[in-house]
Chemist: 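Before I ask anything, let me first share the structure, which is written out below as structure tokens.
Predicted model only: the values in this text are computed from it and were never measured. Numbered from 1 within each chain, the chains take letters A, B, ... in sequence-line order.
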Amino acid sequence: MNSPTSASEALHFDRLHPLVRRWVWQQGWNELHDIQDAAIPAILDGNNDVLIGAATAAGKTEAAFLPICSKIAGQSGPGIQALYVGPLKALINDQFRRMEELCEVLEIRTHRWHGDVAGTRKQAMLRNPSGILLITPESLEAMFVLRGTHIPRLFASLQYVVIDELHSFLDTERGAQLLSQLHRLEIAVKRQIPRIGLSATLGDMSLAAAQLRPSDGDKVTILESQASGQDLRLQVRSYVDERPAAPSDTDAGEETSVRGIADHLFANLRGKTNLVFANARSRVELYAAELADRSLHAGVPNEFHAHHGNLAKELREDVEAMLKDPTKPTTAVCTTTLEMGIDIGAIAQVAQIGPPPSVASLRQRLGRSGRRNEPAILRAYCASMAVDAETPLLDRLQLPLVQTIASIELLLDRWCEPPEPAQLHLSTLIQQLLSLIAQHSGVLPLEAYRVLCGRGSPFFIVTSTQFAELLRTLGSKDVLTQSNDGTLLLGGRGEPTVNHYTFYAAFQTSEEYRLIHSGRQLGTMPIDFPLYEDLLLVFAGQRWRVTAIHEEDKVVQLTPAPGGKPPQLGVSAGLVHAEVRVRMRTLLEDDRAAAYLDLQSRTLLEQARREYATLQLDHCPIITDGADTLLLPWTGDRQLHTLAAILNETGMEATVDGAALRLIGTPRSAALTAMAKIADSPAPGPDQLARKVENKTTAKFDDWLGEDLLCDQFGSASLDCIGAVEAARLVAKASAAGSST
DNA sequence: GACCTGCTGCGGGTTG
């Protein structure tokens with residue numbers, strides 16, 4: 001790894017263009033950040049790819065663009081010289097504004113291109129392409145499809161590609177799309193173009209490098225900021241719910257913790273600008289409404305507003321404007337919408353309700369606070385169950401609280417989830433194949449395989465056999481057709497798909513209902529619960545009654561109402577990484593308590609540790625729970641699900657229950673025998689195991705894959721057979737050792 | 001499985 005060396009800073013700085021240096025002085029900067037200095041030789045010298053990892057506000061954008069602008073200044077050439085790809089339109093707008101200032105003095109032209117940019121501006125750029133282009137992957141896709149023949153001319157002078165918020169592209173269909181586009185771009189201009197990846201949240205720099213430049217990750221220059229992170233003030237607060245008297249009465253107990261958390265938020269956040277992350281849209285709505293109620297009762301202006309992806313654009317922008325306005329104290333209760341990118345000004349505190357979906361996500365959220373030399377403040381709120389004689393055994397371990405603490409500990413250790421090993425991304429391969437055909441008005445099969453799956457492409461692991469199978473399936477479904485000379489052309493279903501504007505996105509979106517109040521659209525919602533007139537619900541932080549449902553137009557009419565519950569959209573978390581579970585075990589076997597735990601959390605953790613010891617889980621991670629057996633291999637959700645699939649294949653009934661694997665109606669001895677058998681057998685093939693799994697279609701074009709390819713796809717994306725067998729070995733070994741003592 | 005991201009061309013209207 002290349003480390004920044006501050007001693008030679010003056011030398012590096014001198015290598016910048018004189019006008020760039022003047023611009024730096026004009027900003028009033030005394031010196032460059034370590035990362036900005038280190039990036040100068042790495043970017044100016046070379047033809048190397050560069051990966052820049054540094055905390056929020058460490059100046060990653062400037063680290064890339066000070067040297068890039070130095071290099072391209074005075075070479076105004078025909079064609080775009082630097083391409084910036086960002087995941088959000090709002091982020092592109094922000095970066096465009098910042099970049100314009102610097103580029104103006106250098107006489108470098110800047111263009112932004114996304115769905116909200118006027119067609120006339122796009123036309124102007126096409127007539128006279130030069131300088132820097134800021135774009136989304138979707139708009140770049142539209143360029144390939146609609147202006148395929150212009151691509152070589154537009155990018156003939158391209159010298160750099162910058163990928164902002166690189167982490168948001170890793171392990172996703174959208175990331176495979178972007179990397180395929182960049183590969184196709186390099187083929188069009190017949191040379192490799194240096195890539196510069198920027199991110200604050202990369203768990204493993206070499207794994208990220210391997211994705212930035214598929215097949216050649218070891219040649220990527222890695223620059224990681226040595227600057228110490230911001231000061232951090234932490235607190236974990238627990239609130240206890242009583243167990244409901246009857247199983248059907250699930251709301252009664254839960255309300256205690258919701259009230260307690262809302263009370264504390266209301267008392268502590270008013271008067272400043274804050275973010276509250278509530279994990280699920282339904283939780284966002286619940287807490288926003290609870291906080292608005294408290295403002296009403298206290299007779300004070302309401303400072304609490306909901307913000308999530310289903311709210312109408314105008315409502316979200318209102319909240320964003322309030323966040324940016326330093327004269328208006330505002331707390332946004334939000335999902336992941338405010339986790340990334342756009343500059344929302346100085347944030348006083350970040351609150352997290354429930355375990356964060358991942359450590360990476362927690363780091364992103366924390367990065368929103370504590371800029372401008374203020375410490376970052378994080379409060380994590382946790383709802384826990386009161387424990388009595390009736391409490392189910394698994395609930396006694398207080399796993400949500402333990403997961404919250406484990407995530408924080410890993411964050412303090414500067415760990416976050418690394419990218420997963422390569423997936424096939426066959427859905428996006430279909431999209432790229434159709435796009436390639438549109439770009440060239442037809443392509444030969446061998447050429448298609450060479451371009452899309454050759455060395456350096458994200459689909460390099462797709463075999464020629466798999467590709468041939470893909471072509472056959474697409475042909476049989478009339479997505480593709482072939483001319484007499486073998487050229488692949490768009491078929492009866494392929495043609496309208498590519499010609500519709502929704503084609504450009506690689507990711508899947510579902511159909512949703514529009515919610516309307518007196519002619520104004522409040523937002524949209526995927527409705528997967530019974531919908532009827534007079535139903536009470538909460539949306540946009542307010543309470544409503546349903547007055548009419550128009551099934552055909554997918555419209556729901558609302559009127560304000562006093563009561564109402566948030567729509568049940570599900571509250572389960574995402575996939576927990578194995579490392580988090582390992583740390584949870586460590587915490588349960590430890591006897592220390594971090595200073596940032598409040599008294600309630602400390603008490604609950606001590607209780608959980610006593611239960612852990614009583615159940616002798618340190619010796620043998622198995623619990624007998626009535627007729628069921630619970631296994632706690634302390635591994636990730638992916639591995640647990642794979643283990644469940646292996647067990648189901650042998651005729652046992654296994655499901656994932658939080659951090660545990662539940663073997664229904666299975667005695668302890670039978671569970672142990674099964675684990676020993678899995679531990680002693682070679683790991684099954686993921687594609688074979690996938691055959692037993694229903695619901696394998698998840699990505700946009702998965703419906704166009706045949707069963708064989710779908711199994712290959714699902715196996716590579718969702719199953720970890722080796723990890724599952726390792727988990728079984730751990731259980732088998734521990735139980736063998738436990739029984740001998 | 002939670003959450004999120006994005007998108008064209010054209011016709012028709014209004015405004016300067």
Side-chain angles (χ1 to χ4, degrees), chain A residues 85-93 113-120 122-123 126 135-147 164-165 167-175 177-178 181 277-285 307-311 313 316 333-342 352-358 360-362 364-365 428 431 435 438 496-510 512 524-526 528 567-576 636-638 640-641 644 655-658 693-700 714 717-718:
Chain A
V85 188
L88 304 172
K89 291 186 287 191
L91 180 62
I92 286 178
N93 293 343
W113 185 310
H114 56 64
D116 296 345
V117 173
T120 48
K122 295 177 180 172
Q123 292 298 332
L126 290 171
I135 199 167
T136 60
E138 289 73 21
S139 283
L140 192 54
E141 197 67 62
M143 221 179 249
F144 273 109
V145 171
L146 300 172
R147 306 170 215 273
D164 204 358
E165 305 281 12
H167 64 274
S168 74
F169 292 109
L170 300 181
D171 296 334
T172 65
E173 299 298 330
R174 207 180 183 201
Q177 174 189 29
L178 173 57
Q181 292 170 333
F277 289 95
N279 286 2
R281 289 180 297 241
S282 60
R283 303 265 97 184
V284 164
E285 292 291 356
H307 190 286
H308 59 73
N310 286 103
L311 281 175
K313 195 174 189 295
R316 286 167 65 173
V333 187
C334 57
T335 57
T336 57
T337 40
L338 291 174
E339 201 170 89
M340 193 170 57
I342 53 171
Q352 166 69 43
I353 303 176
S358 67
S361 176
L362 184 63
Q364 281 290 133
R365 292 170 183 192
T428 301
Q431 185 216 30
S435 170
T497 302
V498 174
N499 289 334
H500 197 266
Y501 66 92
T502 52
F503 173 73
Y504 308 128
F507 51 85
Q508 174 81 292
T509 42
S510 60
E512 296 181 325
T524 62
M525 206 163 56
D528 48 6
Q568 288 301 310
L569 300 167
V571 286
S572 72
L575 292 170
V576 177
D637 279 342
R638 191 183 305 270
L640 284 179
H641 283 285
T655 80
V656 177
D657 185 352
V693 178
E694 308 286 339
N695 303 338
K696 287 189 288 276
T697 57
T698 51
K700 191 172 179 182
F714 185 84
S718 304

Chemist: Let me know the distance between CG of Leu640(A) and C1' of dG1(B), rounded to the nearest Å.
Modeler: 14 Å
Chemist: Taking only side-chain nitrogens and oxygens of Thr335(A), does any of them come within less than 4.0 Å of OP1 or OP2 of dC4(B)?
Modeler: yes
Chemist: Report the residue (Arg638(A) or Lys700(A)) whose heavy-atom-nearest nucleotide on DNA chain B is the more 5′ of the two.
Modeler: Arg638(A)
Chemist: Under 3.5 Å, which N/O atoms of the protein pair with N/O atoms of nucleotides 7-13 of chain B?
Modeler:
unit_1	atom_1	unit_2	atom_2	d
dC7(B)	OP1	Gly115(A)	N	2.9
dC7(B)	OP1	Thr136(A)	OG1	2.8
dC7(B)	OP1	Ser139(A)	OG	2.7
dC7(B)	OP2	Gly115(A)	N	3.0
dC7(B)	O2	Tyr501(A)	O	2.6
dC7(B)	O2	Thr502(A)	N	3.3
dG9(B)	OP1	Arg147(A)	NH2	3.3

Chemist: From CG of Leu170(A) over to C1' of dC4(B), roughly how many Å is that when rounded to an integer?
Modeler: 15 Å
Chemist: Separation of Leu178(A) atom CG from dT5(B) atom C1', in whole Å?
Modeler: 13 Å
Chemist: Tell me, please, which residues at least two apart from Thr655(A) pass side-chain hydrogen bond (donor to acceptor under 3.5 Å, both in side chains).
Modeler: none
Chemist: Mind calculating the distance between CG (Leu575(A)) and C1' (dC3(B)) to the nearest angstrom?
Modeler: 12 Å
Chemist: Partners of Thr698(A) by side chain to side chain contact (heavy atoms under 4.5 Å, CB included), sequence neighbours excluded?
Modeler: Asp702(A)
Chemist: Considering just the side-chain nitrogens and oxygens of Arg365(A), establish if one lies under 4.0 Å of OP1 or OP2 belonging to dC4(B).
Modeler: no
Chemist: Can you tell me if Glu165(A) uses its side chain to pair, donor with acceptor, with the backbone of Gly86(A) under 3.5 Å?
Modeler: no
Chemist: Taking salt bridge (charged side-chain N to carboxylate O under 4.0 Å, His left out) as the definition, give me every residue that meets it alongside Arg365(A), ordered by chain and number, with sequence neighbours left out.
Modeler: Glu339(A)
Chemist: In this structure, how many angstroms lie between the P atom of dC4(B) and the CD atom of Gln508(A), rounded?
Modeler: 16 Å
Chemist: Rounded off to whole Å, could you give me the CG-to-C1' distance for the Asn93(A) and dT5(B) pair?
Modeler: 14 Å
Chemist: Minimum heavy-atom separation for Asn279(A) to Pro357(A), with atom names?
Modeler: OD1-CD, 3.7 Å
Chemist: Please report, rounded to the nearest Å, how far the C1' atom of dC4(B) is from the CD atom of Glu173(A).
Modeler: 15 Å
Chemist: OP1 or OP2 of dC4(B) less than 4.0 angstrom from a side-chain nitrogen or oxygen of Arg281(A), does that happen here?
Modeler: yes
Chemist: Among residues at least two apart in sequence or on other chains, which ones pass ring-ring contact (aromatic ring centres under 6.0 Å, His included) with His167(A)?
Modeler: none
Chemist: Rounded to the Å, how far apart are Met143(A) CE and dG6(B) C1'?
Modeler: 15 Å
Chemist: Which residues pass the salt bridge (charged side-chain N to carboxylate O under 4.0 Å, His left out) test with Glu173(A), not counting sequence neighbours?
Modeler: none
